[in-house]
Q: 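Here's a structure for you.
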Amino acid sequence: MKKIKIITMIVLIILIAMVSFFGVYTQVQNRMENQVREYALDMDLDGARYVRLSVNKESTDVIKDAEGNEVETDEEMTDEQIAENGYTKESVPNNSEDVLTVENYEKTKKIIAERLETQVVGEYEISLDNETGYILVQIPENTHTDTFVSNMNTVGKFEIIDASTKEVLMDNNDIKKVNVMYGSDSTTSTSGTTVYLNIEFNKQGTEKLENISNTYVKTEEDTTNTTAEDTNTTAEDTNTAETENTTTEDGTSAETDTPEAKEITMKIDDEEIMTTSFDEPIENGRLQLSMGTATTDVGTLQDNISRATSIASVLDSGNLPIQYDIALNEYVLSDITNTHIEYLALAVGIVLLIGFIILIVRYRVNGLLSAIAFIGLISLYLLVIRYTNVSVSIQGIVGIIVTIILNYIFVNKILLTIKKSENNKKLATIKEGIKESYKEFFMKLIPICISVIVFCFINWTTISSFGMVMFWGITLIALYNYLITATMLKVKAEK
């Protein structure tokens, strides 16, 4: 039974090592893919997307009336049409000289950083040239990178305007915060999850929204489903129609149009998002806009969430005081290649092999069992790092090496304690020796454990990476050696 227990543990360790070092491959279409998750690498190891933003130097043609007011038109007017209406066309810079200040450069940098934080980019670097206004951003390369890049230079101008008069009714100054919400719908017609963009307005905006929702309401004609055919009546049999007859002072009749429903248009960066009117007054200062329809498809739901999150991050951070263009957008590989990492792994492996030989020579069978268990710990450790989404940086690799060194010291301490107690030939003595080794070793690690926990919460990827790697390493040293290494040694010591 003693041999069966030890062999079972060794087989388990071998399986974990094979999964960790070689992976698990399954056939996907016509190729074999590794189903074990890849490491989440830091930009220092995996490269980064470099995005340089430059101040927009272009101008926009603006049409003005005789009084100098800007004229908005639904269609582009020709020069002849402009002249016929008595308008003039002026070329206006997108960024006037008075907005190109260091203060606005700094404000733009801060807003871009807030957008990256809101979208949970994680690691990023951003720098500013105060003289030229150039902003350089480095972010990790992944499936969401293009979305992050597109949001960087989005001005984020929010407007609710009168659909007919184009009068601006609300803007960014009325917004308090914007976030994303979810709702489930289980009705027969539509089922699934709906993503909502929740816009919460400040006190001033709440009052404006209530007034607007009282003014821009749907008419009875919009809300009723009744038709002339349904009621078996005709226009001649009823007093309601699209026009009504009125009698003038001279006795003639005239037709007057029924007032049309007033509608508002919501725009972001002059792009129309929706045109609508309100069913009822909104008094709570919150406007919820559905992003697509209810769905149970995971891909569609993720797209809706991504789109809503992008809009929310832009609106919640405020509009950029300066218009920027993307002057550079390219992926740059890291200076540290896979070859460098392979050489480092080989060097660590050689040192470990020498360490295992020393353990076997000094402690014989106990040393061999501890070396096998050590391989299992490293294998499990690498899997934990993968599946806990720890961003591995250069400092994280240092943390892995430090963890391996600490485990070697701990295992050697346990073996030394057992060797000293071998003359007693009592299992209770070995248990007490292991317990004493745990107590002495981890009491010395208390300052390191406190520092590691602090590092985990530092908002700097290079430091947090080291902290997270060390946290999982110390946790595994405590649990794994108690469950596997110590158990194998105690089983071997049984008579």
Side-chain angles (χ1 to χ4, degrees), residues 1-14 16-17 20 345-382 384 397-453 469-495:
M1 288 301 296
K2 182 173 67 174
K3 291 182 180 179
I4 292 175
K5 289 180 182 179
I6 293 177
I7 290 173
T8 301
M9 290 185 180
I10 292 175
V11 170
L12 179 62
I13 290 171
I14 292 173
I16 294 174
S20 181
L346 180 62
V348 173
I350 292 173
V351 173
L352 265 178
L353 180 60
I354 295 172
F356 291 158
I357 293 173
I358 293 174
L359 290 180
I360 295 170
V361 171
R362 291 184 64 182
Y363 305 109
R364 300 186 181 280
V365 177
N366 284 346
L368 176 61
L369 293 177
S370 299
I372 294 172
F374 203 130
I375 295 173
L377 180 137
I378 295 175
S379 304
L380 185 60
Y381 185 29
L382 297 179
V384 168
I397 293 178
V398 173
I400 293 174
I401 296 174
V402 171
T403 299
I404 293 174
I405 294 173
L406 288 176
N407 190 66
Y408 188 88
I409 295 172
F410 182 50
V411 169
N412 184 74
K413 187 173 187 60
I414 292 176
L415 292 174
L416 184 61
T417 303
I418 292 175
K419 186 176 182 180
K420 289 180 180 179
S421 62
E422 274 182 348
N423 294 330
N424 296 325
K425 301 295 182 181
K426 294 181 180 179
L427 186 61
T429 306
I430 293 177
K431 287 183 177 180
E432 291 173 0
I434 293 173
K435 183 178 179 181
E436 187 63 29
S437 298
Y438 262 87
K439 182 178 178 181
E440 183 180 345
F441 181 77
F442 282 97
M443 284 296 291
K444 293 180 180 179
L445 278 186
I446 289 178
I448 296 178
C449 292
I450 294 173
S451 301
V452 164
I453 293 173
V469 165
M470 287 294 297
F471 171 80
W472 289 113
I474 293 174
T475 302
L476 274 179
I477 289 175
L479 296 177
Y480 180 89
N481 285 303
Y482 179 79
L483 296 173
I484 303 297
T485 308
T487 301
M488 291 178 69
L489 294 174
K490 286 186 288 186
V491 170
K492 184 261 178 185
E494 291 177 351
K495 292 184 179 180

Q: Which residue in the set Leu359, Thr417, Ile358 passes side chain to side chain contact (heavy atoms under 4.5 Å, CB included) when paired with Asn412?
A: Leu359
Q: Ile414 and Phe441: side-chain contact (heavy atoms from CB on, under 4.5 Å), yes or no, with the steps?
A: CA-CA 10 Å; Ile414 292 176; Phe441 181 77; over 6 Å; no
Q: Can you see whether Tyr381 engages Thr403 through a side-chain donor-acceptor pair at a distance of less than 3.5 angstrom?
A: yes
Q: At what distance, to the nearest 0.5 angstrom, does OG of Ser437 lie from CD1 of Ile418?
A: 7.5 Å
Q: Counting C-beta onward and ignoring hydrogens, is there a side-chain heavy-atom pair between Val365 and Lys492 closer than 4.5 Å?
A: yes
Q: Using a 3.5 Å cut-off and no angle test, enumerate the donor-acceptor pairs between side-chain atoms of residues 474-483 and protein atoms at least two apart in sequence or in another chain.
A:
unit_1 : atom_1 : unit_2 : atom_2 : d
Thr475 : OG1    : Phe471 : O      : 2.8
Tyr480 : OH     : Ala373 : O      : 2.8
Tyr480 : OH     : Leu377 : N      : 3.4
Asn481 : OD1    : Thr485 : OG1    : 2.8
Asn481 : ND2    : Asn407 : OD1    : 2.8
Asn481 : ND2    : Ile477 : O      : 2.8

Q: Going from CD1 on Ile16 to CG on Leu382, what distance comes out if it is rounded to the nearest 0.5 angstrom?
A: 12.0 Å
Q: Minimum heavy-atom separation for Ser379 to Ala17, with atom names?
A: OG-CA, 3.2 Å
Q: So which pairs with a foot in residues 402-416 pass salt bridge (charged side-chain N to carboxylate O under 4.0 Å, His left out), sequence neighbours left out?
A: Lys413-Glu440
Q: Would you check if Met470 and Leu406 make a side-chain contact, meaning some heavy-atom pair closer than 4.5 Å?
A: yes
Q: For the residue pair Leu415 and Tyr363, what are the closest heavy atoms and their distance?
A: CD1-CD1, 3.6 Å
Q: Please evaluate residues Met9 and Ile372 with respect to the criterion side-chain contact (heavy atoms from CB on, under 4.5 Å), reporting the C-alpha separation (whole Å), side-chain torsions for both, the decisive distance (0.1 Å), and the verdict.
A: CA-CA 10 Å; Met9 290 185 180; Ile372 294 172; over 6 Å; no
Q: For residues Ile13 and Met488, determine if any side-chain heavy atom of one lies less than 4.5 Å from a side-chain heavy atom of the other.
A: yes
Q: Given the rule in the side-chain contact (heavy atoms from CB on, under 4.5 Å) test, do Phe356 and Ile375 qualify, once you have shown the distances and angles that lead to the verdict?
A: CA-CA 10 Å; Phe356 291 158; Ile375 295 173; 3.9 Å; yes
Q: Find the distance between CG (Leu489) and CD1 (Ile484) and round it off to the nearest 0.5 Å.
A: 11.5 Å
Q: For the CZ atom of Arg364 and the CG atom of Asn366, what is their distance to the nearest 0.5 Å?
A: 11.0 Å
Q: For Tyr438, which residues count as a ring-ring contact (aromatic ring centres under 6.0 Å, His included) partner, sequence neighbours excluded?
A: Phe410, Phe442
